[in-house]
Protein chains: 2
Amino acid sequence: MARTAHASSAVPETAGSFPVTVDVVALTVRAGALHVLVVDRLLEPFRGQSALPGGFVLPGETLEQAAGRELEEETGLTVPARATGAGPWHLEQLRTYGPLGRDPRGPVLSVAYLLLAPAFGLPAAGGDAAEARWVPVGEEDERLAFDHGQILADGVERARAKIEYSPLAAAFCPPEFTVAELRGVYEAVWGTQVDARNFHRKATGTPGFLEPTGRLGGGGPGRPAELYRLAPGVDPTAAVLHPPLLRPVSPGRAAPSA
Amino acid sequence: MARTAHASSAVPETAGSFPVTVDVVALTVRAGALHVLVVDRLLEPFRGQSALPGGFVLPGETLEQAAGRELEEETGLTVPARATGAGPWHLEQLRTYGPLGRDPRGPVLSVAYLLLAPAFGLPAAGGDAAEARWVPVGEEDERLAFDHGQILADGVERARAKIEYSPLAAAFCPPEFTVAELRGVYEAVWGTQVDARNFHRKATGTPGFLEPTGRLGGGGPGRPAELYRLAPGVDPTAAVLHPPLLRPVSPGRAAPSA
DNA sequence: ACAAAAGTGTTTTGTCTACACCCATGC
DNA sequence: GCATGGGTGTAGACAAAACACTTTTGT
């Protein structure tokens with residue numbers, strides 16, 4: 001460990017030192033449903049079980065670097081460097097779990113990250129590494145290793161809440177997309193139906209959200225839709241949609257009555 | 001470190017091991033203004049500078065336990081055990097910072113916590129420990145040690161956003177309080193004026209928020225106000241105010257225009 | 001009596017929802 | 001032409017801001 005010789009400026013001996021892992025809740029929308037990326041573990045503990053991609057932080061790297069590296073090693077996914085800023089991808093810290101009672105090997109701290117990504121095929125799925133695959137959220141009942149079930153639940157709830165107030169739903173879309181595609185993201189993440197007409201008005205009418213490209217997209221039946229991109233100069237992490245796009249009230253979200 | 005003899009089930013040797021600290025953003029409302037608790041550092045690094053209370057996590061304790069222990073050691077403050085559940089106090093995890101470039105002693109991870117507490121005097125301020133004191137948020141420009149300025153900013157923003165949707169503003173109040181006291185909390189945390197009449201109707205009309213005690217409080221001039229307490233059986237961490245109490249729109253909060 | 005603060009009623013204004021309707025394309 | 005989905009207009013329900021007004025205390 002990097003400890004200086006200065007007695008007055010060293011980490012005290014009584015301080016604990018902990019192995020730290022990063023685990024990534026990688027979400028995407030495929031075929032109208034929210035999916036999460038899981039891997040099959042090749043090593044103990046929890047060998048053979050599914051888990052979120054992740055692993056130990058190495059000396060000299062940041063947490064974000066560790067998250068990107070583990071994701072690439074275990075799933076072949078390369079996270080764009082700017083995923084933490086503007087652009088279709090989005091990587092943000094979720095929260096930290098541990099260190100007690102979550103790893104049979106001993107006290108381990110885990111810093112969880114949330115990745116929102118457009119749909120795409122997995123490179124080299126089923127290669128020599130552990131198989132990585134997208135599973136629909138809600139069908140991962142095959143128990144996840146460690147406390148990854150809890151981490152996944154926290155990540156999904158964060159994503160659901162966040163797209164109400166931020167332009168982050170666009171992180172699930174390709175760089176250019178139609179309003180219908182964006183609406184599909186909301187419906188998939190929230191698991192609800194959204195009125196297409198009102199959504200169109202609200203999404204296009206929100207300042208600082210969408211910018212028309214002028215081009216048309218969509219080859220299916222019906223009138224072709226206009227293509228939009230995220231408004232330029234907007235940091236999806238910090239920007240606030242005003243007014244927000246609120247998910248329909250469900251009984252579970254109301255405050256409990258006394 | 002707790003590593004088993006099982007070669008197949010041990011933390012890999014290449015994994016880094018990091019000292020971990022907890023730092024606490026303790027906020028309260030005094031005299032109509034939001035205050036944060038800071039201590040003066042007696043040891044290097046940053047000796048003599050102000051810092052958020054906090055310190056190293058010891059082996060065998062949880063992060064929450066470490067946060068409570070450090071707070072008590074450095075400020076004499078005893079955090080009620082149930083601060084993470086119902087009750088006037090509230091302690092929640094904020095986020096994790098590091099490990100690189102934030103501590104001159106080397107890579108150190110810091111898990112920050114947010115504590116919302118009612119106003120009270122500090123026991124033994126200026127005793128043999130480092131002096132702990134409340135400073136108004138915005139006047140702590142005396143630069144804080146480490147990255148504590150950033151942590152404080154994140155904590156304040158979290159508090160501001162959270163009281164919109166949760167009953168957590170009550171964490172700043174004594175167990176029984178008047179609607180005016182509660183309104184004072186909102187005004188202090190948001191730094192805005194709130195219409196007393198509309199606030200009263202909204203706060204008392206929100207199901208699952210306030211419960212009248214029947215008693216009266218307030219000895220000042222004017223009609224005495226009814227005393228309320230948080231509605232029983234409500235977990236302030238999880239409960240959602242519906243509809244939310246929205247802070248007045250300020251130009252800075254709107255989405256940036258293209 | 002007066003000031004001050006609590007609490008209620010009412011008006012105005014805006015926003016959300018639901019749905020009727022037109023537009024543009026594939027077949 | 002007709003089905004399908006994109007996009008606009010509009011009326012009613014609903015909630016929020018603004019503020020007049022009554023109530024209840026201290027001085």
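All chains are named by letter (A, B, ...) in the order of the sequence lines, taking the proteins before the strands, and each is independently numbered beginning at 1.
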Applying a 4.0 Å non-hydrogen cut-off, can you work out what B/A180 is touching in the nucleic acid: base, sugar-phosphate, or nothing?
sugar-phosphate
What is the distance, rounded to the nearest whole Å, between atom [atom1] of [X] and atom [atom2] of [N]?
X      : N      : atom1 : atom2 : value
B/R215 : D/dT24 : CZ    : C1'   : 20 Å
B/L216 : C/dA5  : CG    : P     : 17 Å
B/Q193 : D/dC19 : CD    : C1'   : 16 Å
A/R183 : D/dG5  : CZ    : P     : 10 Å
A/R223 : C/dA24 : CZ    : P     : 6 Å
B/E164 : D/dA16 : CD    : C1'   : 15 Å
B/R201 : D/dA16 : CZ    : P     : 10 Å
A/E226 : C/dT25 : CD    : P     : 12 Å

Map A/G222 and A/D195 onto DNA chain C by nearest heavy atom, then report which one ends up closer to the 5' terminus.
A/D195
Which nucleotide, D/dA18, C/dG7, C/dA4, lies nearest any side-chain atom of B/N198?
D/dA18
Centre-to-centre under 6.0 Å for B/F172 and B/Y186, is that the case here?
no
Go through the side-chain N and O atoms of B/E92 and B/H90 and say whether any donor and acceptor fall under 3.5 Å apart.
yes
Closer than 4.0 Å, any side-chain N/O of A/H200 to the OP1 or OP2 of D/dG7?
yes
B/R197 vs C/dT10: side-chain N/O to OP1/OP2 distance below 4.0 Å
no
Using 30° and 60° as the class boundaries, would you call the ring planes of B/Y165 and A/Y165 parallel, tilted or perpendicular?
tilted
Any side-chain heavy atom of A/D40 sitting closer than 4.5 Å to one from A/R133?
yes
